[in-house]
Amino acid sequence: MAVIQLAGIERVFHLGDSVVHALTGLDVAIEAGEYVAIMGPSGSGKSTLLNLLGLLDRPDAGSYRLEGRDVTTLSPDEQAAVRSRRIGFVFQSFHLVPRLTAAENVALPMMLAGIPAAERAQRVQQALKDFGLDQRADHRPDQLSGGQRQRVAIARATIMQPAVLLADEPTGNLDRATGDDVIHLLEELNQRGMTLIIVTHDPKIGTRARRQLLMEDGELKSDSARPVAAAS
Amino acid sequence: MRHADVLRFARDAAAGYPLRTSLSVLAMAIGVAAVVVLTSLGDGARRYVIEQFSALGSNLVIVLPGRSATGGFSPANALTTTPRDLTVDDAFALTRLPSVRRVAPLAAGNSEINANGRLREVVVAGTASPYFDIRSFAMAQGHFLPEGDWNRGAPVMVIGAKIKEEIFGANPAVGELVRLGDRRLRVVGVLKATGQGVGGMNTDEVVFVPVSLAQSLFNTSSLFRILIEARSRGEIEAVKREVTAMLKARHGEEDITVITQDAVLATFDKLLRALTAAVAGIAAISLAVAGILVMNVMLVAVTQRTAEIGLLKALGARATTIRNAFMAEAAMLSLVGAVTGYGLGLFGAFVLRQMYPAFPAYPPDWAVIAALGTALCTGMLFGIMPARRAARLDPVQALMKH
Ligand SMILES: Nc1ncnc2c1ncn2[C@@H]1O[C@H](COP(=O)(O)OP(=O)(O)OP(=O)(O)O)[C@@H](O)[C@H]1O
Ligand SMILES: [Mg+2]
């Protein structure tokens, strides 16, 4: 069964008099454990799609099933619970809380989920070790390199063991070598079974993914998994 | 999110912006400290006045010339004209009343004392021997004015401790001859220092002479006051009634005012309590101002931490969690400010007491509770709006602010 199932998704923004169709008639299904790259020109709706997938935004029409459950009709608190347990976000600008240490940033989702401090400490320690950050546990974000920051962010995104990991241009603020490290890290997580969806402008990263979705003007232009269907 | 975690998160957030946090804590602290110090002053004044009045003596009833409409104490009493003077005979007549234990006439004026080569302006109180017991005096040396006919006083005087020190220093005063105005009097006693007095009449700086002597010195036949001690506290009202009736009979009309210490005290107590409450109210305005400052600080915090709020939502924070976190932060700012202010206020009151040891500057309990309560309430109240704003932020928009 598909972990993500989108049908007839519409997202419209009203800017004064003008109407922007950020997403139109989107039908996509993504299986558990897939590695998907979303590509396309600027303004084509990639981020809008990712925000919908992450339940940060609601579609104006259409249905979204996450792990078989219609999540568009959930209450805000129920959606928050889904974000907490089933979805991980990785951002281009890392979004670490500047006053918190690396360990505290990684612990944040568990703290919000109400997990006891002792269990948090243990899981954070393990995660930092897994991501090669155990020497950096007590460093604040401004004491870390860009690559280290993104690794902290990835550790944070995966600490709740989500079903889906969403990354919006995760290498956008990194140099080539560091960006490759981050991509390898994400791919490793995908190999261990986590569904990975990356928005990227970088064709080299895009072609590494097993499946590419090409967006244009809010529509799905092509889907490497369904070349015929998308063309029609 | 667990309560302990909400509090820790709020604490770290407040600590993360030290300048902003310390400013709002300071504002709150100043507000609370102002209430504590000002009410200490007000209540201190009340206690001070009551202590001074209590020192006048117990079960005291005072007769003054002139009719006061209320029968209580009011500044207008000092201005009423005197249709008929109070005389020594009036005072003596009162000694026969059943509820009266002691009566002392009091004539007062200023004169110059000249002895031992020194000259000094003094307050002269003309009275009689019962005055000593009515005022619960104690002697340092010698004895008080002798008993005897109030209309024929001996040429003697009793001096206050300060006068003794200034005129005679360490030398003995009792037995010395002293010039008072154009008279020569012998010092028969020195009072123990009390440090107390009402209306600028500190007994340490007063010279006591027989009432007839004072009257001839000031060329008058009237009295300033008649002091009466009731047989018991329960008989104060009876004394009041009897005194009024007798003087009305003697004067033909009711042209005197009888006041009791209780009435005076109650008036002052009421007055100074009201004053303290008014001052506390004014100081509380600064608490409201502090509350508004906390609100602004929290609004700035929400704006500054918009991206963080977006992130928290992306990580699964519910709207209520975010609201609670910001409320907790506002409450913490207020609480720390209030406690700091309380400490500052107590210290301020302590400094006041060090500077003026006679002045009991302690904040009343109600003021402390009201100040801390108002501080917390305004802090929380003004924290609601920013916290709700934070909770309502759209996560996508919030995350874009970086
Ligand atoms: N909140 C909004 N209000 C109005 N229009 C919006 C809003 N968010 C997105 N849009 C519009 O929707 C369209 C899709 O935006 P989106 O951010 O998804 O593009 P993108 O593919 O992520 O572009 P980029 O590669 O530059 O990040 C754009 O035309 C954008 O202007
Ligand atoms: Mg984008």
Side-chain angles (χ1 to χ4, degrees), chain A residues 11 13 22 47-58 75-101 104-117 119-120 140-141 153 156-160 162 166 168 173, chain B residues 1-22 297 300-329 332-333 388-402:
Chain A
R11 185 69 177 101
F13 292 110
S47 296
T48 306
L49 174 57
L50 211 66
N51 290 336
L52 280 177
L53 292 177
L55 296 181
L56 292 178
D57 197 8
R58 286 172 188 263
S75 73
D77 281 357
E78 287 168 330
Q79 289 199 334
V82 172
R83 280 201 296 274
S84 167
R85 311 236 159 223
R86 308 311 297 153
I87 294 167
F89 281 100
V90 177
F91 306 94
Q92 176 177 354
S93 51
F94 323 130
H95 275 297
L96 299 180
V97 180
R99 61 174 182 278
L100 300 182
T101 64
E104 288 166 338
N105 266 289
V106 174
L108 207 47
M110 290 192 287
M111 189 176 90
L112 292 169
I115 292 172
E119 188 187 338
R120 292 199 310 247
R140 289 182 204 291
R156 182 180 65 190
T158 54
I159 195 80
M160 294 292 291
L166 305 172
D168 198 346
N173 282 2
Chain B
M1 196 156 152
R2 287 156 182 263
H3 295 303
D5 286 329
V6 171
L7 293 180
R8 193 173 315 134
F9 185 82
R11 182 200 65 197
D12 291 348
Y17 302 88
L19 181 69
R20 213 174 55 196
T21 299
S22 45
V297 161
V300 170
V302 171
T303 312
Q304 224 171 43
R305 289 179 12 218
T306 298
E308 178 188 321
I309 294 163
L311 170 78
L312 291 177
K313 289 198 165 181
L315 297 182
R318 298 192 302 167
T320 42
T321 304
I322 288 170
R323 200 191 61 210
N324 290 347
F326 277 84
M327 285 289 287
E329 198 177 326
M332 266 178 210
L333 295 182
R388 287 172 66 139
R389 180 173 290 188
R392 282 211 205 107
L393 281 178
D394 171 46
V396 176
Q397 300 290 329
L399 279 166
M400 289 197 307
K401 297 252 172 59
H402 208 63

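Naming: A, B, ... by sequence-line order, numbering from 1 per chain. Here the structure is a predicted model, which means the values were calculated and not measured. Only this structure's heavy atoms are used, side chains among them; waters, hydrogens and symmetry mates stay out.
Across every non-hydrogen atom of A:F91 and B:A314, the tightest pair is CZ-CB, 4.1 Å. The heavy-atom pair separating B:L399 from A:H95 by the smallest distance is O-NE2, 3.1 Å. When all heavy atoms are compared, the tightest approach of B:A317 to A:A80 is O-CB, 3.9 Å. Heavy-atom minimum distance, B:V396 versus A:D57: CG2-CB, 4.1 Å.
Residue B:A15 does not touch chain A at all, counting heavy-atom pairs closer than 4.5 Å. At a 4.5 Å heavy-atom cutoff, the contact between A:R120 and chain B is made by side-chain atoms alone. Looking at A:P116, both its backbone and its side chain come within 4.5 Å of chain B, counting heavy atoms on both sides. For a residue to count as touching a neighbouring chain, one of its non-hydrogen atoms must lie under 4.5 Å from one of that chain's; by this rule A:I87 does not touch chain B.
A donor-acceptor contact shorter than 3.5 Å links the side chain of A:R83 to the backbone of B:K313.
Between the CG atom of B:L312 and the CG atom of A:L108 there is a distance of 5.5 Å, given to the nearest 0.5 Å. Atom CG in A:D77 sits 7.5 Å away from atom OG1 in B:T321 (nearest 0.5 Å). Taking OG of A:S84 as the start and CE of B:M1 as the end, the distance is 12.0 Å to the nearest 0.5 Å.
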Donor-acceptor pairs under 3.5 angstrom involving side-chain atoms of residues 49-56 of chain A: please list them, not counting sequence neighbours.
from  : atom 1 : to    : atom 2 : distance (Å)
A:N51 : ND2    : A:S47 : O      : 3.3

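Taking B:D394, B:D5, B:D12 one by one and counting their heavy-atom pairs under 4.5 Å with chain A, the maximum is reached by B:D5. Comparing A:R99, A:E104, A:R85, A:Q79 by how many heavy-atom pairs each has under 4.5 Å with chain B, the most go to A:R99.
Open room surrounds CZ on B:R318; 12 or fewer heavy atoms of other groups in view lie less than 6.0 Å from it. No more than 12 heavy-atom neighbours from other residues, nucleotides or ligands sit within 6.0 angstrom of CZ on B:R388.
Taking the side chain as every heavy atom from C-beta outward, B:L311 and A:L96 never approach each other to under 4.5 Å.
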